[in-house]
Each structure stands twice: as structure tokens, then as C-alpha cells.
Amino acid sequence: MELYGHRGYSAKYPENTMAAFKAVLPYAQGIEFDVQLSRDDEIVIIHDETLDRTTSGKGLVKDEDYNSINSLSIRGGDKDQYVPRLVDVLEWARGLEDFTLNIELKTDFIPYEGIAEKTYRLVEAYGLVNQTVFSSFNLQTLEELREAAPDARIGILIHHSIPRLKQWVKELDAEAIHCPPDFPFTEEAQMLRLHGTKLRVYTVDDTETMKELDGKVDVIMTDDVETLRHAIERE
């Protein structure tokens, strides 16, 4: 069972920052992070559709140029932290072996036309396609990605079981379901896993839940990579 840092080591560092990503390395095999598009079509790494919660700015990410977003301070961070671009993470990750980037395409509320292919092409340009998993709650976004990139690794994000889930796995040639902690205990989940679909669970920060999931999932995404890593090593 592997660990991915959920928005990096976000229990200790501001989420989705380079500091949070770099701090994961001693403890986890990957990171999960979110991408959206700025007004000038820069792929930026931020979870919310608005700037308000995590930065000193206000308003929608899509309405601001990256230069403006880059000038904002990060809440809870130091003066050197900023909203990174996807290219910043790819530049850093290019030298890492056996390390997975799980990119969530944030099209739940704002469609961000073309974001799936734009994101894939940038990952491709950095030679990191094999190390990258693309996920989304938006099945249309994943369809667009599959059409543009037959070799993209896809994870279907779910809040709970959805109609035709097994069929969606087949149609998208998805390698994984990214799911909440209760889903792996269902018969549907274990049948999917039995037939080769990986289960990656978000977001688990307590060691008891982690132990309950051991043997039932392939990856746990956690804010607290250090605590869970130490728990695994004690087993």
C-alpha cells in the first residue's frame, strides 16, 4: 500500500504549494494536487475555484492572469510561497524516479475548455506521462482526455458509487477508482479490484482507518504523510 500526499504534506505546510510537495518525499510515493486555468490560460495549482480561502486574493481563479495570482501571498505561508503553475511542479518532478503525480482536473463547477488536453500535453512535454495519473469527478472531462490521449493514465473520482461505474471503467480504460474510505468495503469495490482496477482512497489522516483499509486498497491519500508512514513502518 502506497501513500500520496493530499495536496502535498498539507497537515504541516500550506496546501498545493511547492513546500508541501517537496516535504512529501521522505514519506510518500506520490502527491495529489488540483489544476485550474487562469485568465491567460496558465495551468495553476489550486483547489478552490476562488482565491479567497488559500490566498490574500479574492474572486475566481479564471478571472485573473497568472502574474496577478503569483503576486498573492499564501495564507499560513511564508513570503517565499506562492500559487505554483503546473510547469513548476513538472520541472521539479522531472528528476524524481518512481514518484507519482496525481493531477485532479478541477472541472466540477467551471468547465475550463480544453484543460484536459492542455494538461496532458504539458506533462507529455516533460516526459512524465508514465508517472502521472489524471483524475476528475467530471466524466465528460475524462472522456475528452481519453479521446486526446489514448495512453493517459486515468482515475475516476467518486464521492460514492455511481451508475454504470464498471462500464465507465471499461469505456475510459481507467486504471483506478479514487474514492472515499467507505467505498472499498463494498462488494462492488472488491469486484472491481479483483478484476484489476486499483482503489486509491482520499483522504485518510488517522492510523486506525489506514489499518482497516490495509489489504483492501492500493493507495491512501493523506494530509499527514509523516504520521501514516511511521505507522506503516511500525507494523
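Just so you know, these numbers use all the heavy atoms, side chains as well, and skip hydrogens, waters and symmetry mates. One-based numbering along the sequence shown.
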Could you check whether any side-chain heavy atom of W168 comes within less than 4.5 Å of a side-chain heavy atom of L142, counting everything from C-beta outward?
no
Do the side chains of V133 and V129 join up, straight or via other hydrophobic residues, at under 4.5 Å, putting them in one cluster?
no
Main-chain N/O of L3 paired with Q29 side-chain donor or acceptor, under 3.5 Å
yes
Report yes or no: does D40 contribute a side-chain atom to a donor-acceptor pair with the main-chain N or O of Y66 at less than 3.5 Å?
yes
Between OG of S38 and CG of L51, what distance do you get to the nearest 0.5 Å?
10.5 Å
I need the minimum non-hydrogen distance between I154 and L172, along with the two atoms involved.
CD1-O, 4.0 Å
Whether the side chain of S136 engages the backbone of L105 through a donor-acceptor N/O pair (distance < 3.5 Å, no angle test) should be reported.
yes
Picking from D223, D224, T203, what satisfies side-chain contact (heavy atoms from CB on, under 4.5 Å) with S10?
D223
Has Q190 got more than 12 heavy atoms of other residues, nucleotides or ligands less than 6.0 Å from its CD?
yes
Distance-only, no hydrogens or angles: does the T107 side chain make a donor-acceptor pair with backbone N or O of I110 under 3.5 Å?
no
Donor-acceptor pair, T17 side chain versus P14 backbone, under 3.5 Å?
yes
So, taking the atom named CD in E42 and the one named NZ in K118, what distance separates them when rounded to the nearest 0.5 Å?
10.5 Å
Would you confirm whether R229, through its side chain, and A28, through its main-chain N or O, come within 3.5 Å as a donor-acceptor pair?
no
For the pair T50 (side chain) and G59 (backbone), establish whether a donor and an acceptor sit closer than 3.5 Å, ignoring hydrogens and angles.
no
Scan residues 51-60 for pairs that pass salt bridge (Lys or Arg N to Asp or Glu O under 4.0 Å), counting only residues two or more places apart or in two chains.
E15-R53, D48-R53
Are F21 and I45 side-chain neighbours, meaning at least one heavy-atom pair lies under 4.5 Å?
yes
Begin with the C-alpha distance, continue with both residues' side-chain angles, and end with the deciding distance and a verdict on salt bridge (charged side-chain N to carboxylate O under 4.0 Å, His left out) for R121 and E124.
CA-CA 5 Å; R121 295 303 172 203; E124 183 182 47; 3.2 Å; yes
Please say whether more than 12 non-hydrogen atoms of neighbouring residues, nucleotides or ligands are located less than 6.0 Å from CG in D98.
no
Check whether more than 12 heavy atoms from other residues, nucleotides or ligands sit under 6.0 Å from atom CG of D151, and answer yes or no.
yes
Given the rule in the side chain to side chain contact (heavy atoms under 4.5 Å, CB included) test, do I103 and L86 qualify, once you have shown the distances and angles that lead to the verdict?
CA-CA 9 Å; I103 301 177; L86 177 58; 3.9 Å; yes
Worked check of side chain to side chain donor-acceptor pair (under 3.5 Å) between N102 and S135
CA-CA 7 Å; N102 176 186; S135 62; 3.2 Å; yes
Within-4.5 Å side-chain heavy-atom neighbours: V61 and V44:
yes
Same cluster (ILVMFWY, side-chain, under 4.5 Å), I74 and W92:
yes
Distance (rounded to the nearest 0.5 Å) between H160 NE2 and I162 CD1
8.5 Å
When you measure from the side chain of Q36 to the backbone of I46, do you find a donor-acceptor pair of N or O atoms at a distance under 3.5 Å?
yes
Min side-chain heavy-atom separation L25-L96 under 4.5 Å:
yes
Which pairs pass salt bridge (Lys or Arg N to Asp or Glu O under 4.0 Å) with one or both residues in residues 188-201, sequence neighbours excluded?
E175-R200, R193-D218
Mind running side chain to side chain contact (heavy atoms under 4.5 Å, CB included) on T100 and T132 for me, showing each step along the way?
CA-CA 6 Å; T100 300; T132 303; over 6 Å; no
Measure the shortest side-chain to side-chain distance between I158 and L165 over non-hydrogen atoms and say whether it is less than 4.5 angstrom.
yes
In the structure I gave you, are the side-chain heavy atoms of K106 and E49 within less than 4.5 Å of one another anywhere?
yes
Quick check for you: to the nearest 0.5 Å, what is the distance between N16 atom CG and T55 atom OG1?
12.5 Å
Got a donor-acceptor contact below 3.5 angstrom from the R7 side chain to the F33 backbone?
no
Derivation of the side chain to side chain contact (heavy atoms under 4.5 Å, CB included) call for E171 and D173:
CA-CA 6 Å; E171 289 179 10; D173 190 22; over 6 Å; no
Minimum heavy-atom distance V204-M210, with the two atoms named
CG1-N, 3.9 Å
CD (E187) with more than 12 external heavy atoms under 6.0 Å
no
Separation between CD (E212) and CG (D206), nearest 0.5 Å, reads 8.0 Å
Can you see which heavy atom on P184 is nearest to which on A189, and at what distance?
CA-CB, 3.7 Å
Residue pair F134 / E104, side-chain heavy-atom distance below 4.5 Å:
no
Could you give the distance from CG (N67) to CZ (R39), rounded to the nearest 0.5 Å?
10.5 Å
Using modelled atom types and a 3.5 Å cut-off, is there a donor and acceptor pairing between side-chain atoms of R146 and backbone atoms of P150?
yes
So do the side chains of V35 and I115 get within less than 4.5 Å of each other, counting heavy atoms only?
yes
Would N138 and Y112 count as having a side-chain donor-acceptor pair, cut-off 3.5 Å?
no
Does N70 form a side chain to side chain contact (heavy atoms under 4.5 Å, CB included) with V83? I'd like the steps, not just the answer.
CA-CA 6 Å; N70 181 242; V83 175; over 6 Å; no
For the student: nearest non-hydrogen atoms of S161 and F183, plus distance:
CB-CE1, 4.0 Å
Kindly give the heavy-atom pair with the smallest separation between I31 and G8, and that separation in Å.
CG2-CA, 4.4 Å
S68 and D65: side-chain donor and acceptor closer than 3.5 Å?
no
With the threshold set at 4.0 Å, does a side-chain nitrogen-carboxylate oxygen contact exist between R85 and D88?
yes
Linking directly or through intermediates, with side-chain heavy atoms under 4.5 Å: list the remaining ILVMFWY members grouped with L157, chain and number order.
Y4, F137, Y202, V219, M221
Search all heavy atoms of H159 against all heavy atoms of P180 and return the closest pair with its distance.
O-CG, 3.1 Å
